[in-house]
Asks: 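Below is the structure I would like to discuss, written out as structure tokens.
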Amino acid sequence: MAKKDKISETPATALLRQQAVSFTEHPYEYLEHGGAQHSAQVLSMDPFSVVKTLIMQDQDAKPLVVLMHGNRKVSTKNLARQIGLKSVEPCAPEVANRHSGYLVGGTSPFATRRAMPVYIEETILALPRICINGGRRGYLVGIDPQVCVQLLHAQPVNCALAE
């Protein structure tokens with residue numbers, strides 16, 4: 001295999017391979033602040049099936065991961081209520097980087113530096129396939145959404161808001 005055809009391994013793809021998870025690779029031209037909407041557009045995908053990985057924190061600054069549709073926002077009030085917390089808010093980018101071990105814009109929920117509880121918008125689990133960050137800016141992997149439950153023990157929540 002030619003060197004240029006191979007995308008270098010990330011901690012996330014190493015974990016997926018180690019767990020024998022079948023996935024497809026989707027590199028794209030990263031755009032600062034482009035988000036899931038941009039990656040969906042350049043890859044000709046439905047932004048509803050492109051899942052963003054958000055690092056958030058509770059009232060005690062304990063981190064957690066939220067997996068959300070690319071074209072939806074998280075209702076932090078609904079999320080906090082469903083998981084029994086007083087409040088939930090996004091982490092500052094440098095704090096998110098420290099918790100996950102990835103750069104914001106390239107955060108994968110797989111093989112994070114720190115073990116954190118993972119919550120997944122329940123409607124994501126109804127999709128046949130999703131694209132989620134593979135651990136690098138400009139790089140998504142296509143997987144069965146059930147992998148998030150199996151490998152990450154992601155708990156379904158209902159906290160999506162239209163963007």
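Please read all numbers here as calculations on a predicted model, not as lab measurements. Heavy atoms only: backbone and side chains are in, while hydrogens, waters and symmetry mates are out.
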Asks: Under the ring-ring contact (aromatic ring centres under 6.0 Å, His included) definition, can you give me all pairs with a residue in residues 98-137, not counting sequence neighbours?
Replies: none
Asks: For Arg98, which residues count as a side-chain hydrogen bond (donor to acceptor under 3.5 Å, both in side chains) partner, sequence neighbours excluded?
Replies: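 Residues passing side-chain hydrogen bond (donor to acceptor under 3.5 Å, both in side chains) with Arg98: none at all.
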Asks: When you measure from the side chain of Asp60 to the backbone N and O of Lys62, does any donor-acceptor pair fall under 3.5 Å?
Replies: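 No, the answer is negative, given that no donor and acceptor are paired below the 3.5 Å cut-off.
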Asks: Are Val118 and Met56 connected into the same hydrophobic cluster when the rule is that any two of I, L, V, M, F, W, Y join if their side-chain heavy atoms are below 4.5 Å apart?
Replies: no
Asks: What's the spacing between Ile132 CD1 and Ile124 CD1 if we round to 0.5 Å?
Replies: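 Reported to 0.5 Å precision, the distance equals 7.5 Å.
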Asks: Please confirm whether the backbone N or O of Cys159 pairs with a side-chain atom of Glu121, one donor and one acceptor, at under 3.5 Å?
Replies: yes
Asks: Calculate, to the nearest 0.5 Å, the distance between atoms CD and OG belonging to Gln82 and Ser75 respectively.
Replies: 8.5 Å
Asks: How does the hydrophobic cluster around Tyr30 look, that is, which other residues are in it when side-chain heavy atoms under 4.5 Å mark a link?
Replies: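 Direct or chained contacts put Tyr30 with Tyr28, Val42, Leu43, Met45, Val50, Leu140.
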Asks: Which heavy atom in Pro145 sits nearest to a heavy atom in Pro128, and how many Å separate them?
Replies: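 What the structure gives for the nearest pair is CD-O, 3.6 Å.
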Asks: For residues 135-159, which residue pairs pass the ring-ring contact (aromatic ring centres under 6.0 Å, His included) check, not counting sequence neighbours?
Replies: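 Pairs touching residues 135-159 that pass the test: none.
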Asks: Do Val147 and Ile130 make a side-chain contact, defined as non-hydrogen atoms from C-beta onward lying under 4.5 Å apart?
Replies: no
Asks: Under a 4.5 Å side-chain heavy-atom rule over Ile, Leu, Val, Met, Phe, Trp and Tyr, are Leu64 and Leu54 clustered together?
Replies: yes
Asks: Which residues pass the side-chain hydrogen bond (donor to acceptor under 3.5 Å, both in side chains) test with Thr10, not counting sequence neighbours?
Replies: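 With sequence neighbours excluded, Thr10 shows a side-chain hydrogen bond (donor to acceptor under 3.5 Å, both in side chains) to Thr13, given in chain and number order.
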Asks: Could you pull out the closest heavy-atom pair between Ser108 and Gly134, with the gap in Å?
Replies: CB-C, 4.1 Å
Asks: My understanding is that only one of Val66, Val88, Leu67 makes a side chain to side chain contact (heavy atoms under 4.5 Å, CB included) with Val74; could you say which?
Replies: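 Considering Val66, Val88, Leu67, a side chain to side chain contact (heavy atoms under 4.5 Å, CB included) with Val74 is found only for Val66.
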Asks: Linking Ile, Leu, Val, Met, Phe, Trp and Tyr through side-chain heavy atoms less than 4.5 Å apart, which residues share a cluster with Leu103?
Replies: none
Asks: For Glu32, check salt bridge (charged side-chain N to carboxylate O under 4.0 Å, His left out) against everything at least two apart and list the hits.
Replies: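 Testing Glu32 for salt bridge (charged side-chain N to carboxylate O under 4.0 Å, His left out), a comparison that skips the adjacent residues, returns Arg137.
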Asks: Going from CD1 on Ile55 to CE on Met116, what distance comes out if it is rounded to the nearest 0.5 angstrom?
Replies: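 Here the interatomic distance stands at 4.0 Å.
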Asks: Membership question, hydrophobic clusters at under 4.5 Å side-chain separation (ILVMFWY): are Leu16 and Leu127 in the same one?
Replies: yes
Asks: Is Asn133 reaching over with its side chain to a backbone N or O of Arg136, donor-acceptor style, under 3.5 angstrom?
Replies: yes
Asks: Run the side-chain contact (heavy atoms from CB on, under 4.5 Å) test against Pro156 and tell me which residues pass, sequence neighbours left out.
Replies: Glu122, Leu125
Asks: Spell out, as yes or no, whether a donor-acceptor pair under 3.5 Å connects the side chain of Gln59 to the backbone of Lys86.
Replies: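 The answer is yes, because a donor-acceptor pair under 3.5 Å joins these two groups.
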Asks: Can you name the closest pair of heavy atoms from Ala111 and Ala12 and give their distance?
Replies: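 Reported closest heavy-atom pair: CB-N, 4.0 Å.
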Asks: Return the CZ to OG distance between Arg114 and Ser100, rounded to the nearest 0.5 Å.
Replies: 11.0 Å
Asks: Sequence neighbours left out, what passes side-chain hydrogen bond (donor to acceptor under 3.5 Å, both in side chains) with His26? Give chain and number order.
Replies: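 So His26 forms a side-chain hydrogen bond (donor to acceptor under 3.5 Å, both in side chains) with Thr24.
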Asks: Sort and list the pairs that fulfil ring-ring contact (aromatic ring centres under 6.0 Å, His included) and have at least one residue in residues 57-78, not counting sequence neighbours.
Replies: Phe48-His69
Asks: Do the non-hydrogen side-chain atoms of Asn78 and Asn158 ever get within less than 4.5 Å of each other?
Replies: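 Answer no - side chains too far apart.
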Asks: For Gln41, look at atom CD and say whether over 12 heavy atoms of other residues, nucleotides or ligands are found less than 6.0 Å away.
Replies: no
Asks: What do the steps show when you test Val141 against Val21 for side chain to side chain contact (heavy atoms under 4.5 Å, CB included), and what is the final call?
Replies: CA-CA 11 Å; Val141 292; Val21 172; over 6 Å; no
Asks: Return the set of residues passing side-chain hydrogen bond (donor to acceptor under 3.5 Å, both in side chains) with Glu89 (not counting sequence neighbours), or none when no residue passes.
Replies: Gln57
Asks: Any side-chain to backbone donor/acceptor pair from Lys52 onto Arg72? Under 3.5 Å, distance only.
Replies: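 Yes, because the side chain of Lys52 sits within donor-acceptor range (under 3.5 Å) of the backbone of Arg72.
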Asks: Within this structure, what is the CG-OG1 distance for the pair Asp58 and Thr76, rounded to the nearest 0.5 Å?
Replies: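 Reported value, rounded in 0.5 Å steps: 12.5 Å.
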Asks: If I compare all heavy atoms of Cys131 with all of Gly142, which pair ends up nearest, and what's the gap?
Replies: SG-CA, 4.0 Å
Asks: For Asp46 versus Ala40, what's the shortest heavy-atom pair and its separation?
Replies: C-CB, 4.3 Å
Asks: Any chance you could measure Met68, atom CE, to Leu79, atom CG, to the nearest 0.5 Å?
Replies: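 Rounded to the nearest 0.5 Å, the CE-CG separation comes out at 8.0 Å.
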Asks: Walk me through whether Arg17 and Glu25 qualify under salt bridge (charged side-chain N to carboxylate O under 4.0 Å, His left out).
Replies: CA-CA 12 Å; Arg17 287 186 212 289; Glu25 297 178 300; 3.7 Å; yes
Asks: Can you see which heavy atom on Cys148 is nearest to which on Ile120, and at what distance?
Replies: CB-CD1, 3.9 Å
Asks: Quick one: side-chain contact (heavy atoms from CB on, under 4.5 Å) partners of Ala92, sequence neighbours excluded?
Replies: Glu94, Val95
